[in-house]
Amino acid sequence: MNKQFDVLVIGAGPGGYIAAIRAAQLGFSVACCEFSAYDDPAGEPRLGGTCLNAGCIPLKALVASSEAFEKAVLHLPDHGISASGISIDVAKMQKRKEAIVTKMTAGVKFLFRKNKITLLKGRGSFAGKTDAGYRIIISGKDGNEEVVAQKVIIATGSKARHIPNVQVDNVTICDNEGALKFTEAPKKLGVIGAGVIGLEVGSVWRRLGAEVTILEVMPSFLGAADESISREASKLFLKQGLHIKLGVRIGQAKLNDKGVSIAYTDDQGSEHTLECDKLIVSVGRIPNTEQLNLEAIGLQPDERGFIPVNDHCATAAPGVYAIGDVVRGPMLAHKAEDEGVLVAEQLAGQKPHLDYNSMPWVIYTTPEIAWVGKTEQQLRSEGREYKVGQFPFAANGRALGLGDSEGFIKMLADAASDEILGVHIIGASASDLIAEGALAMEFRASSEDIARTCHPHPSLSEVMREAALAIEKRALNM
Ligand code: FAD
Ligand code: NAI
């Protein structure tokens, strides 16, 4: 007799493992299958998906190490600290990153055991439906097993998109998998795509001494951010020595003795070749739907490969849901997690709701960039009347003390009601500061609510309050 579960989750990334945990908390019998995209040295699947294995967590470990190195080299003297012979041992830095990944992925296994979630080791694919539920084949290393589940949550995530004429080998020409594993800092690094990965990973290796050139097809970059933030970022990145070439067309990449040469045409139509030791391809990601055999339950991906779902993450097949990178919306770990909770709570008869407009975005560059809600350009195109308050970190004592005084916070509020419509940050600790903006938007707070809230002194959060005060032109420290 096949194993039967109330809920089967396909994929153990942040969407899938959180959905499984919440469903188990709510009393369902839950299984989660994972096909071992990331094995540990013993050949066991490491849980946590892209986020824990080849995305957020390892990349932020490298961001932290490279920032510490750059601070030591460039900023310790400002504090009167002299240190000589500062160097970076990239192998040790990578070992530290691996230890964090191992700890986090093992943590997910622990949570599965704690919540009595059955881990099925293998690739899940649909085989059809019977009165007992959906039939799913789990193809593992030791063969196939069929299980039956009343409800299924597809959380199979995404993988890097590649482009023609640029053959990724994840040694010299890398996507996110190889780009996080360099054993030494390249002298010259090429990056295709000035998106989130290009900027974050490019900044890691720039801090560690690489000459980084980013080739971007669009005439501008950071198009999703508020225009004043992208302008400021562009200025700061240029000052740091990150070369970003916009409006290029990528030609052929060729491996050679020294690394790789990449042909491209610039925005004036002139042809160039960039020689580099390593090349990173970061041109977006595509959803993982192949081999799910969706046809067996009457589903098919849309023209971009995403599984169509409604506002509640329900697919057209009753009882089958899809969450995270495999469906519409931003490809963010916290979005995947929140959709996982949303689906599990719906299955338990609750009425959860997700407001995608109050979901924060963060880009882990130096300084960090973060935002929530609408940009000025979006509000203008909607014809909405709004007020703007902006305050620089340079006028904040804590930022000066930390030696991190670049950037600003900008708040946008409705001209009539004063409801906060967007918060945009470029500056130190933007990733943490933005949580206040997200909370305010969830509560539909006004800028006056933040302006009247006592903030600790001295702290970077005072910049948020001053930006709120600036909306009514009453910033106190400027
Ligand atoms: P995934 O994490 O991709 O997990 C899907 C899982 O499903 C995988 O483990 C895969 O092996 C498994 N799977 C696939 N098919 C099957 C199958 N048929 N059967 C069984 N298992 C299957 N987001 C942020 O919010 N913040 C960040 O700082 C951030 N940094 C990133 C850095 C990089 C370099 C990258 C690449 C991404 C980053 N992201 C970040 C995005 C984030 O990683 C994803 O949005 C998130 O992991 C999506 O979660 P998911 O559960 O939908 O899918
Ligand atoms: P992206 O969508 O952020 O950026 C891709 C960039 O490549 C765009 O600027 C695009 O115009 C450019 N591009 C596309 N085709 C090109 C071509 N042929 N030649 C040159 N440029 C080209 O995608 P990226 O950076 O690969 O990241 C994938 C996803 O991972 C992101 O969408 C994001 O959701 C997630 N992510 C999130 C992070 C975070 O939250 N901090 C960090 C890293 C990734």
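Atom set for the values below is all heavy atoms of this structure, side chains included, hydrogens, waters and symmetry mates excluded. Start at 1 and go down the list; that is how both ligands and their atoms are numbered.
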Relative to ligand 1, is [X] under 4.0 angstrom through side chain, backbone, both or neither, heavy atoms considered?
X      : result
Lys335 : neither
Leu332 : both
Ala160 : neither
Lys60  : side chain
Asn176 : side chain
Ala155 : backbone
Ser158 : backbone

Looking at Phe182, is Lys278 sitting on its ring face, NZ or CZ under 6.0 Å from the six-membered ring centre and within 45 degrees of the normal?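 Cation-pi check for Lys278 and Phe182: passes.
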Between Val362 and Ser431, which heavy-atom pair has the shortest distance, and what is it?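 Heavy atoms of Val362 and Ser431 come nearest at CG1-CB, 3.6 Å.
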May I ask you to check whether [X] has an N/O atom sitting below 3.5 Å from an N/O atom of ligand 1?
X      : result
Arg285 : no
Ala333 : yes
Tyr364 : no
Ile197 : no
Glu200 : no
Met331 : yes
Gly15  : yes

Which protein N or O atoms sit under 3.5 Å from any N or O of ligand 2? Give each pair with its distance.
residue  : atom   : partner : partner atom : Å
ligand 2 : 3 (O)  : Val196  : N            : 3.1
ligand 2 : 9 (O)  : Glu216  : OE1          : 2.6
ligand 2 : 9 (O)  : Glu216  : OE2          : 3.3
ligand 2 : 11 (O) : Glu216  : OE2          : 2.6
ligand 2 : 15 (N) : Arg161  : NH2          : 3.1
ligand 2 : 21 (N) : Val217  : N            : 3.2
ligand 2 : 23 (O) : Gly284  : N            : 3.3
ligand 2 : 25 (O) : Val196  : N            : 3.3
ligand 2 : 25 (O) : Ile197  : N            : 2.9
ligand 2 : 26 (O) : Gly284  : N            : 2.8
ligand 2 : 34 (O) : Met331  : O            : 2.6
ligand 2 : 40 (O) : Val362  : O            : 3.4
ligand 2 : 41 (N) : Glu200  : OE2          : 2.8
ligand 2 : 41 (N) : Val362  : O            : 2.7

Closest protein heavy atom (residue, atom, distance) for atom 37 (C) of ligand 1: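 The closest one turns out to be Gly55 CA, 4.1 Å.
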Hey, are Ser65 and Lys97 close enough side-chain-wise for a donor-acceptor pair under 3.5 Å?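 Per modelled atom types, Lys97 and Ser65 side chains form no pair under 3.5 Å.
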